[in-house]
Amino acid sequence: MPELPEAETIAADLRDRICGAVIRAVSVPRPDILSGTDARAFEGRLRGRRLARIGRRGKNVLFELDDGGRVLVNLGMTGRLITSDAPNAAEMRHVAARFALEDGRDLLFDDTRRFGRIEVLEPDAWRARDALLGLEPLSAAFTADALRSLTRRSRSPIRNWLLDQRFVAGVGNIYANEALFRAGVRPRRGARTLRRSESDALHGGLREVLARAVEARGTTLRDYLGGGGEAGGFRPRLRVYGRAGEACLACATPIKRVVFGNRSAFYCPRCQR
DNA sequence: AACGCGCCCTGTCCGC
DNA sequence: TGCGGACAGGGCGCGT
């Protein structure tokens, strides 16, 4: 589910609700979502720790502990992080981890498909992990020149390239397709074949669609909820994703769907070349 | 060694 | 109503 705008919304919601809270206890009903640790060690590492900061890197939600450790949550396809005082918290039917806080509330990690992962990273391990993730597309470091020089080195279809977190971090299948529509570029185009004008348009399209989606609190197709249990509002503003057969909003040509790299790609055959 | 594919898992929807 | 197949926001590990 969650791409950058969804992870950003969750992080902001949780910051408002539980930043500064202290973990009293941890239970892990589905320990297969833990990475590099077991439930016992995980609970021992976190009990008594304060959530000093809450943020995001790429599609990951990050909790910085008062002792410098970090809890990194990758939400996979169906992961949710919500607080137990959310109106619909009782509807969570696939709670994989539960963090009981000293104020009496719980932070729930619910994940139907269990593609999500939680791990604890000490400072050195975090630095190593951070270095493996690419540029933040909404940061000042993500310039049109930076995008250009990175795309020039790859023969992959540009849609696949956008999904690779080592180059640009936080873009998933929805926003990759949406950014390519805005740029007028077909998803199958080899990354290195983009003209300068096209990579510039892609740079702008990525920043635009991601910023607008953050403002709308993300896209809910089915499972996604923010940290307070609310669905995102961006879905009605998707221009190609999930619209196969429907009219292009710019030229009325039917939107096409093709599958490659084991995922669907959507595009307008007239507007995108 | 960059790249493409199968697979991990559960739920839902659609056609028969 | 039941059943099989396709499909879903991600990412790892494998073979080439």
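Quick note on labels: first sequence line is chain A, next is B, and so on, each numbered from 1.
- Geometrically, A:Arg159 engages A:Phe260 in a cation-pi contact, judged by NZ or CZ lying under 6.0 Å from the ring centre and within 45° of the ring axis.
- For the residue pair A:Tyr175 and A:Thr219, a side-chain donor N or O sits within less than 3.5 Å of a side-chain acceptor on the partner.
- Across all strands shown, A:Asn74 has heavy atoms under 4.0 Å from sugar-phosphate atoms exclusively, and none from any base.
- With a cut-off of 3.5 Å on both pairing distances, B:dC9 has no Watson-Crick or G-U wobble partner at all.
- Between C:dC14 and B:dC9, the distance separating the two P atoms is 16 Å to the nearest Å.
- As judged by a 4.0 angstrom heavy-atom cut-off over every strand, A:Pro157 is placed among residues touching the sugar-phosphate backbone only.
- Residue A:Arg30 contributes atom CZ, which lies 13 Å from atom C1' of B:dC8 at whole-angstrom precision.
- Distance alone, capped at 3.5 Å, is enough to place a donor-acceptor pair between the A:Asp111 side chain and the A:Gly116 backbone.
- Checked against C:dG9, B:dC9, C:dG10, the side chain of A:Lys59 finds its nearest nucleotide in C:dG10.
- The CG-C1' distance, from A:Asp111 to B:dT10, rounds to 10 Å in whole Å.
- Here A:Arg117 lies out of heavy-atom contact (under 4.0 Å) with every strand.
- With rounding to whole Å, A:Leu221 atom CG is found 21 Å from B:dT10 atom P.
- On the P atoms, B:dC5 is 15 Å away from C:dC7, given to the nearest whole Å.
- Rounded to whole Å, the separation between the P atoms of C:dA6 and B:dG6 comes to 13 Å.
- At least one side-chain nitrogen or oxygen of A:Ser156 sits closer than 4.0 Å to the OP1 or OP2 atom of B:dG4.
- In this structure, the side chain of A:Glu43 does not engage the main chain of A:Ala25 through any donor-acceptor pair within 3.5 Å.
- Comparing atom distances between the A:His94 side chain and each of C:dC7, B:dT10, B:dG6 picks out B:dT10 as nearest.
- Note: CD1 (A:Ile158) to C1' (B:dC3) measures 15 Å, nearest angstrom.
- Among C:dG9, C:dG10, B:dT10, the nucleotide with an atom closest to any side-chain atom of A:Arg114 is B:dT10.
- Ion pairing between A:Asp130 and A:Arg127 fails under the 4.0 Å rule for side-chain N and carboxylate O.
- At a cut-off of 3.5 angstrom, counting only N and O atoms as typed in the model, there is no donor on one side facing an acceptor on the other between the side-chain of A:Asn173 and the base of C:dG9.
- Note on A:Arg166: nothing from the nucleic acid sits closer than 4.0 angstrom, heavy atoms only.
- Atom pair A:Arg192:CZ and B:dC3:P shows a separation of 9 Å (rounding to whole Å applied).
- Rounded to whole angstrom, the span from the CZ atom of A:Phe266 across to the C1' atom of C:dC7 amounts to 10 Å.
- OP1 and OP2 of B:dT10 both lie 4.0 Å or more from every side-chain N or O belonging to A:Arg93.
- Residue-level contact check: A:Tyr241 touches the backbone only, with heavy atoms under 4.0 Å from sugar-phosphate atoms and none from bases.
- One interatomic measurement links the two molecules: CD of A:Glu3 to C1' of C:dG9, which rounds to 6 Å at whole-angstrom precision.
- Checking C:dG9, C:dG11, B:dT10 against the side-chain heavy atoms of A:Gln165 singles out C:dG11 as nearest.
- When the side-chain nitrogen and oxygen atoms of A:Thr78 are compared with OP1 and OP2 of B:dG11, none of them lie within a distance under 4.0 Å.
- Spacing between atom CZ of A:Arg80 and atom C1' of B:dC9 amounts to 15 Å, rounded to whole angstrom units.
- One N or O donor and one acceptor, one from the side chain of A:Arg113 and one from the base of B:dC9, sit under 3.5 Å apart.
- Positionally, the nearest nucleotide of DNA chain B for A:Asn262 lies more toward the 5' end than for the other of A:Asp32 and A:Asn262.
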Exercise. Given the rule in the salt bridge (charged side-chain N to carboxylate O under 4.0 Å, His left out) test, do A:Glu8 and A:Arg56 qualify, once you have shown the distances and angles that lead to the verdict?
Worked result: CA-CA 6 Å; A:Glu8 180 70 30; A:Arg56 175 195 63 77; 2.6 Å; yes
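- Counting non-hydrogen atoms under 4.0 angstrom, A:Arg222 reaches a base of the nucleic acid.
- For the pair A:Tyr224 and C:dG9, the ring geometry does not qualify as stacking, because the centroid separation below 5.5 Å and plane angle under 30° are not jointly satisfied.
- One finds a side-chain N or O of A:Ser154 lying less than 4.0 angstrom from the OP1 or OP2 phosphate oxygen of B:dC3.
- Closest approach of A:Ala252 and A:Ala247 over heavy atoms only: O-CB, 3.7 Å.
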